[in-house]
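This structure is a prediction, so every number in the text was calculated from the model and none was measured. We use all heavy atoms of the structure for the numbers below, so side chains are in, but hydrogens, waters and symmetry mates are not.
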Amino acid sequence: MKIIPNNDQYILNHCTRFLTRRNTDARHNFGQYDPSDPRARICEAWRFPIIDSYAGAADEDSHAFNKVTFVYPADVAEAPDQVGVTGTFANLYELIPLAPVRFLDAPTGYFAVSLRIPKGRAYRYKFIVGGKAVLDPVNPQQVREANGHAWSRFFTHLYTQPLSFESWELSILERLVDHIMPFRTKEGQDFLQFFYRQLDQQQKEQQYVLSYRLDQSIGIVNFIDNLVAREERHHLIDYKICLSMIAGIIRKRRPGIEPARASKEIFIDLYGEMASGNVMDWDTSKYNDPAYFLQMLRRHAFTGAFSHPKYGGNASALGWRYLADRFRDAKGATLFDWGRAIEQPLGTNPDYHG
Amino acid sequence: MAAKLDFDVIVIGSGAGGAPIAHELARQQKSVLVLEKGPLFLSQSQATDGLSDFKRDELYAYGAEKRLTHPQVENRQAAFFSSHVEPDINDEPHIYRDANGKDRATIEGYTAQVIGGGTQIYGGVSLRFTERDLMLRTFNAGRTDMAGTDPAGDIEREARDWPLPYVELEKYYCKAEKLVGINGEQGNQLKPFTQKDTYQRPLAPNSISRYAYDGMLYTGKGKGPGGSDVLPYRTPLAVITEDHAPSGRTIISVPDDIKTSYVNRFGDPLGFKSSTWNALLAPIRNAPNLSIHTNCTVIQLASDGTRVTEVRYIDPSGQERLARGKIVVVACSAIESIRLLKLSAGLDSTGFGRILDQQNDLLGKYFLTHAFGGASSVMPERSDKTRSLDADWATDYCATDDFLKAMRLWAGAVVYNNTSDQALPLALGRTHSATDLDTLWHGFANDFGLIGQGMVDFIDNDMGRGLSVSFMANQVPQKDNRIELHPTVKDKWNRPVAYIIKNWHSHDKYLMDTLALECANILRAGGNATHDYPIRGFGGVYNGENGIARIANHILGGARFGSDPRDSVLDPDCRVWGFDNLYVTDGAFMPTSGGANPTLTIEANAFRVADKIGGRL
């Protein structure tokens, strides 16, 4: 396991604003926490551990890794002697020590370590504090093993496996997103097919994102799955309730058909009804306003199509490539030259490193 | 080793008002401490691993959705988005009073909490104010032509001349332009320049800007002195385009590659944007007499008599510390500076508070921003708008005395085109029909018709074809427009938050309508040869959903400077009346808000004050 030399300034830059405070109100709970969860007092707890870009030596394949910084905050007066982290990114039970973080002449109570960790994967970990294994007190992501044992979890950039949704939920979400975004128009389909077809096997393997299933046209659903696992965890519940309700409604309208395989017309009707805020058989006691869900889904779908691919959508920059392909001048040169500004290997900028 | 406690100068805030002073006095070998609330975010060349804390990444810059939880505010449960350098408004909201008298939390009125402050993420428009901007009392004395829009005669009563003639500020404009690193053109500006070559060469404008240029040419015809034409000029922008010797920054091999749409609202990972950090502080950051403490929040200025003796702050671990300075400069953005003075007064009402009270009741009053707005349209031909910095062309024809008299306006404005807005896809969705920073994504999320082919049409229409022209104008000073401490809402340190009470004057509305029409005329004139190109929309910000709260991140006034201690909070040197060693140098000092973006003027004035302080040490 490669430990990245760090400085205290970097750690404080990325944690003071979120963690240091005196007020103890549950100001940051928008429904994602149990009311007694101390994370509700912390701003953007999802930022921990800190997932950042990695730059190693010239002979390293730096873009295959993230720099992941684990932070354990303790009360200065009661700070433990030693804090370590152990997790599936290294040999389990290998204890990696966190170093105390100082400001000027004094300890801050923060302990931290930065590690080089491969992209595209999820990991479980725990802190070892004074000899005891504890969950990360900040990171809200946790997983429970079959035996009931809980771990803290994080995932690195370009993660493409479902974290939040069951496969039937993903399938319905895919249909809804298809209806919103332009990638299922004829032109959009032609573009995607052309893009995928032109890749030979080696190119496919070299593609920045390897494991997208082609049925997820450009990874929007994966983006949403990741987003509600982390940044917008408070919206996971919206999806859970509404997707379940939508599946039920489609089943009622088309008995005997798997909801995600229902006709396009079914989804067109449903979209229109949701937009109007009035869906037949929608249980408003479970979820008051279907239009609200649709607004959120629209924002998420658009964001997933066009945000940086590291967030799990816009796979292989296909959203950007679509625009670049669509907008051209008379000579055929693109009028959305996104790659000029973006780091390699995704883009072509020689100076910006991401 | 114990941390150093005593300094010649303590500067609170590292943005436009603070960094020039720290820079100047550190260069004079004074011991300087800069206290900055935000983090020390580095550009690639400053970071040991070559990676910047700023990214060309829309989602990183804009932030995820959060929800307002303050039970006291009318917009509780509303969605908000704060960028990675803006404060979280559950932690530190600004509260304003809406048109119905209800309190709402807002992200408006914040610039950025990061080393370099708002200059890290601003668009970089670096215009001078005009001579007229500094003399609005004189200009408006005895005028009778504005009775319709100013029936109570507020303008004549409330306008103030700056206690500082343009010629004195001009020296410091030159200094700031050179030291900060700005590209642009002096020619065709209606402001006097005494030195040539204060700017670097601008890069070629984006092709879509030619419509704005053509429109400005047309509308500026015959609007100059003696019926001469007022011509457009390349907007001065705080981005270097050549090697910049004063800051030691060097340019990349293909300078045109500096043009990306990740400028306005983005910190620059390559450090070409001339933030006060990149330009003024980073080059001297290792000087032994300069200390920069980031992630530190100042909570109190403590005084003994007329001297501020201690600056108390919370360090990154939450522990309280203090530092002592012979001179203390407050420059943490006007609203927050006023708040700090008021909080300090509340913590020591018989000392610090009494001295402030003895002067007058003006602290926090005459809070100002800009009257701003513009027009937008979809131009005939598409361009790659990602190849731009921000504003390409500007014109001064709306700032001439003749124009102001003809239009019955109290003060003028600069007009420029925004090239880079909505150049990137997320920006397109995020700002679709949004009128302010509190309603981002609303328009897009609610436009349910944007699906499938409708979405294609939306992107086709807007992307690469949208062009807007904006004006930035003086707002009428009103005593009732003010910053107070909110009676109940507290920040994450349990301190009262800032309470913004402001409204637009009837003349402001008239002025915004008038100038928005000029912007529309520019687009109409520029879009085709017959000068009747269709406009999509135009107007002033007062028309927006939360128009009352709009601040444009131009946070000015509230501690105006002047020569009469009964009529101002600061003396002409920006020293707080009643105190011997306390200065305020962010935008708070302005008695009028100027007809242009304020950053360069704040920087120039801070260099001026640095000379005054340097002379005392």
Top contributor to chain B interface from [options] [non-hydrogen pairs under 4.5 Å]:
options	value
A:Thr334, A:Asn349, A:Leu335, A:Asn29	A:Leu335
A:His14, A:His235, A:Arg17, A:His353	A:Arg17
A:Ala55, A:Gly188, A:Ala275, A:Gly56	A:Ala275
A:Ala341, A:Gly347, A:Gly31	A:Ala341
A:Arg340, A:Gln32, A:His179	A:Arg340
A:Ile180, A:Asp25, A:Thr108	A:Ile180

What is the ring orientation for A:Phe302 with B:Phe444, classed by angle as parallel under 30°, tilted 30 to 60°, or perpendicular over 60°?
->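 If you compare the ring of A:Phe302 with that of B:Phe444, the planes turn out tilted.
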Give the member of [options] that has the highest number of heavy-atom pairs under 4.5 Å with chain A.
options	answer
B:Val114, B:Asp53, B:Thr297, B:Ile115	B:Asp53
B:Arg382, B:Gln77, B:His70	B:Arg382
B:Lys385, B:His293, B:Lys37	B:His293

Would a distance-only check, ignoring hydrogens and angles, find a side-chain to backbone donor-acceptor pair under 3.5 Å from [X] to [Y]?
X	Y	value
A:Arg27	B:Asn90	yes
B:Tyr262	A:Ile342	no
B:Asp384	A:Asp337	yes

Just one of A:His234, A:His28, A:Glu44 clears the side-chain hydrogen bond (donor to acceptor under 3.5 Å, both in side chains) bar with B:Lys66, so which one?
->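 So, applying the side-chain hydrogen bond (donor to acceptor under 3.5 Å, both in side chains) to B:Lys66 and each of A:His234, A:His28, A:Glu44, only A:Glu44 qualifies.
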Distance in Å, [X] [atom1] paired with [Y] [atom2], rounded so as to fall on 0.5 Å steps:
X	Y	atom1	atom2	value
B:Thr294	A:Asn13	OG1	CG	5.5 Å
B:Leu51	A:Ser53	CG	OG	5.5 Å
B:Leu270	A:Asp351	CG	CG	6.0 Å

Check step by step if salt bridge (Lys or Arg N to Asp or Glu O under 4.0 Å) holds for B:Arg321 and A:Asp105.
-> CA-CA 11 Å; B:Arg321 289 175 179 264; A:Asp105 52 357; 3.1 Å; yes
Is the shortest heavy-atom distance from the side chain of [X] to the side chain of [Y] under 4.5 Å?
X	Y	answer
B:Leu59	A:His308	no
A:Phe30	B:Leu68	no
A:Met296	B:Glu65	no

Given that the side chain runs from C-beta out, which part of [X] has a heavy atom under 4.5 Å from chain A: side chain, backbone, both or neither?
X	answer
B:Ile459	both
B:Asp491	backbone
B:Pro316	both
B:Tyr62	neither
B:His84	both
B:Leu450	both
B:Trp493	both
B:Gln44	side chain
B:Ala47	neither
B:Ser383	backbone
B:Leu426	both
B:Pro87	backbone
B:Asp256	backbone
B:Lys259	both

For A:Tyr110, is it the side chain, the backbone, both, or neither that has a heavy atom closer than 4.5 Å to a heavy atom of chain B?
->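 Looking at A:Tyr110, just its side chain touches chain B.
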Segment of A:Lys186 engaging chain B (4.5 angstrom heavy-atom cut-off) =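 Looking at A:Lys186, nothing touches chain B.
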For the pair [X] and [Y], find out whether any cationic side-chain nitrogen is under 4.0 Å from an anionic carboxylate oxygen.
X	Y	result
A:Lys310	B:Asp57	yes
B:Lys55	A:Asp52	yes
B:Glu320	A:Arg22	yes

Above 12 or not: heavy atoms from other molecules or residues under 6.0 Å from NZ of B:Lys4?
->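 Enclosed.
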Report the residues that fulfil salt bridge (Lys or Arg N to Asp or Glu O under 4.0 Å) with A:Arg298, sequence neighbours left out, ordered by chain and then residue number.
->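 For A:Arg298 there are no salt bridge (Lys or Arg N to Asp or Glu O under 4.0 Å) partners, ignoring immediate neighbours.
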Counterpart residues, side-chain hydrogen bond (donor to acceptor under 3.5 Å, both in side chains), relative to B:Ser14 (two or more places apart) =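 Counting only residues at least two positions away or on another chain, B:Ser14 forms a side-chain hydrogen bond (donor to acceptor under 3.5 Å, both in side chains) with B:Glu36.
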